[in-house]
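Scope of the values below: all heavy atoms of this structure, side chains included, with no hydrogens, waters or symmetry mates. Treat the numbers as computed from the prediction; the structure is a model and nothing was measured.
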Amino acid sequence: MEGHYRPYKDEDVITLASTMCEADVLEIKLSDGLSPLDALRRACRESAEVNTIVGSDGKLLGMFGLSYIDDLVGSPWMLSTGKLSNYYIKFLRQSRQWVEDANNRRSVLVNYVHVENDNAIKWLRFLGFSFIRKVDYGVSNAPFYEFVRIK
């Protein structure tokens, strides 16, 4: 079986919460002050779509989704184990298509990324997001970039 993504299952939340990469754990802590488990539960509850990334060996690699802010604006998110490198090319292709589809559902996609989350920033640039400003964000008032993609 190839690496792929599928709709999430409840047990995925627990698995990813315990295997999440340090950069994502830090980003959650700085932005929301939540544990990985609580952040994932909230993301799943508040999102219109949530998917799980699965490796060819069946291991969970990450989760991503889209929450709707209003009829125009959506907020995409992704949290991972940091072990996507074996699936990098396929992941890049599939994630670009998913973002284009999400942008068809909401004309404006916006969210924040911690300034030190280098892999996420490179990936977001590849997906066509623009970084519009650096802000003090979240419960910690830590430096984050606000990013946007407008159709």
Legend entry - pair Tyr137-Ser31: side-chain heavy atoms closer than 4.5 Å: yes
Inset, instruction - Tell me whether Tyr8 is reachable from Tyr5 by hopping between hydrophobic residues (I, L, V, M, F, W, Y) whose side-chain heavy atoms are closer than 4.5 Å. - result: no
Legend entry - ILVMFWY network linking Ile132 to Ile121, side-chain heavy atoms under 4.5 angstrom: no
Legend entry - Atom pair OH (Tyr112) and CZ (Phe144), whose distance is rounded to the nearest 0.5 Å: 10.5 Å
Legend entry - Closest non-hydrogen atom pair, Pro36 against Ala17: CB-O, 3.7 Å
Inset, instruction - Give the C-alpha distance, both sets of side-chain angles, the deciding distance and a yes or no for side-chain contact (heavy atoms from CB on, under 4.5 Å) between Lys59 and Thr81. - result: CA-CA 10 Å; Lys59 290 190 178 177; Thr81 62; over 6 Å; no
Legend entry - Rounded distance (nearest 0.5 Å) linking atom SG of Cys21 with atom CG of Leu84: 9.0 Å
Inset, instruction - Verify the cluster assignment for Leu79 and Leu37: are they in a single hydrophobic cluster under the rule of side-chain heavy atoms below 4.5 Å apart? - result: yes
Inset, instruction - Report the distance from atom OG of Ser140 to atom NE2 of His114, rounding to the nearest 0.5 Å. - result: 7.0 Å
Inset, instruction - With rounding to the nearest 0.5 Å, note down the distance linking OG1 in Thr19 to CG in Leu61. - result: 9.0 Å
Inset, instruction - Indicate if Phe64 and Phe126 have the same hydrophobic cluster label, given that clusters are the connected sets of ILVMFWY residues with side-chain heavy-atom separations under 4.5 angstrom. - result: yes
Inset, instruction - Identify the two heavy atoms, one from Ala43 and one from Val50, that lie closest to each other, and give their separation to 0.1 Å. - result: O-CG2, 4.3 Å
Legend entry - Nearest heavy atoms of Ile150 and Val148, plus distance in Å: CG1-CG2, 3.8 Å
Inset, instruction - Kindly indicate, with the supporting measurements, whether the criterion side-chain contact (heavy atoms from CB on, under 4.5 Å) is fulfilled by Lys9 and Thr52. - result: CA-CA 8 Å; Lys9 299 174 185 173; Thr52 297; over 6 Å; no
Legend entry - Validation row: Val99, Phe129 side chains within 4.5 angstrom (heavy atoms): yes
Legend entry - Non-hydrogen side-chain atoms of Arg105 and Lys151 separated by less than 4.5 Å: no
Inset, instruction - Check whether any side-chain heavy atom of Glu116 lies under 4.5 Å from a side-chain heavy atom of Leu30, and answer yes or no. - result: no
Inset, instruction - With rounding to the nearest 0.5 Å, note down the distance linking OH in Tyr145 to OG in Ser130. - result: 14.0 Å
Inset, instruction - Indicate yes or no for a side-chain donor-acceptor contact from Arg149 to the backbone of Leu127 under 3.5 Å, with no hydrogens or angles considered. - result: yes
Legend entry - Donor + acceptor pair across side chains of Asn104, Glu100 (<3.5 Å): no
Legend entry - Asp24 side-chain N/O to Ser80 backbone N/O, donor-acceptor pair under 3.5 Å: yes
Inset, instruction - Inspect the surroundings of CD in Glu11 and state if more than 12 heavy atoms from other residues, nucleotides or ligands are less than 6.0 Å away. - result: yes
Inset, instruction - Would you indicate whether the side-chain heavy atoms of Cys44 and Met63 approach each other to under 4.5 Å? - result: yes
Legend entry - Test item: Ile28 and Met20 side chains (from C-beta on) under 4.5 Å apart, heavy atoms: yes
Legend entry - For Asp32, salt bridge (charged side-chain N to carboxylate O under 4.0 Å, His left out) partners two or more places apart: Arg42
Inset, instruction - Spell out, yes or no, whether Leu124 and Trp77 are grouped together once hydrophobic residues are joined by side-chain heavy atoms under 4.5 Å, including indirect joins. - result: no
Inset, instruction - Could you tell me whether the side chain of Phe131 reaches within less than 4.5 Å of the side chain of Val113, counting heavy atoms only? - result: yes
Legend entry - Asp71 atom CG, over 12 foreign heavy atoms within 6.0 Å: no
Inset, instruction - Quick one: pull up CG in Leu109 and CD1 in Ile69 and give me the separation to the nearest 0.5 Å. - result: 9.0 Å
Legend entry - Nearest non-hydrogen partners of Tyr68 and Leu66, listed with the distance: CE2-CD2, 3.5 Å
Inset, instruction - Would you check if Trp98 and Asn51 make a side-chain contact, meaning some heavy-atom pair closer than 4.5 Å? - result: yes
Legend entry - side-chain hydrogen bond (donor to acceptor under 3.5 Å, both in side chains) partners of Arg106, counting only residues at least two apart: none
Legend entry - Sole candidate of Thr15, Val13, Ile14 that passes side-chain contact (heavy atoms from CB on, under 4.5 Å) when paired with Leu60: Thr15
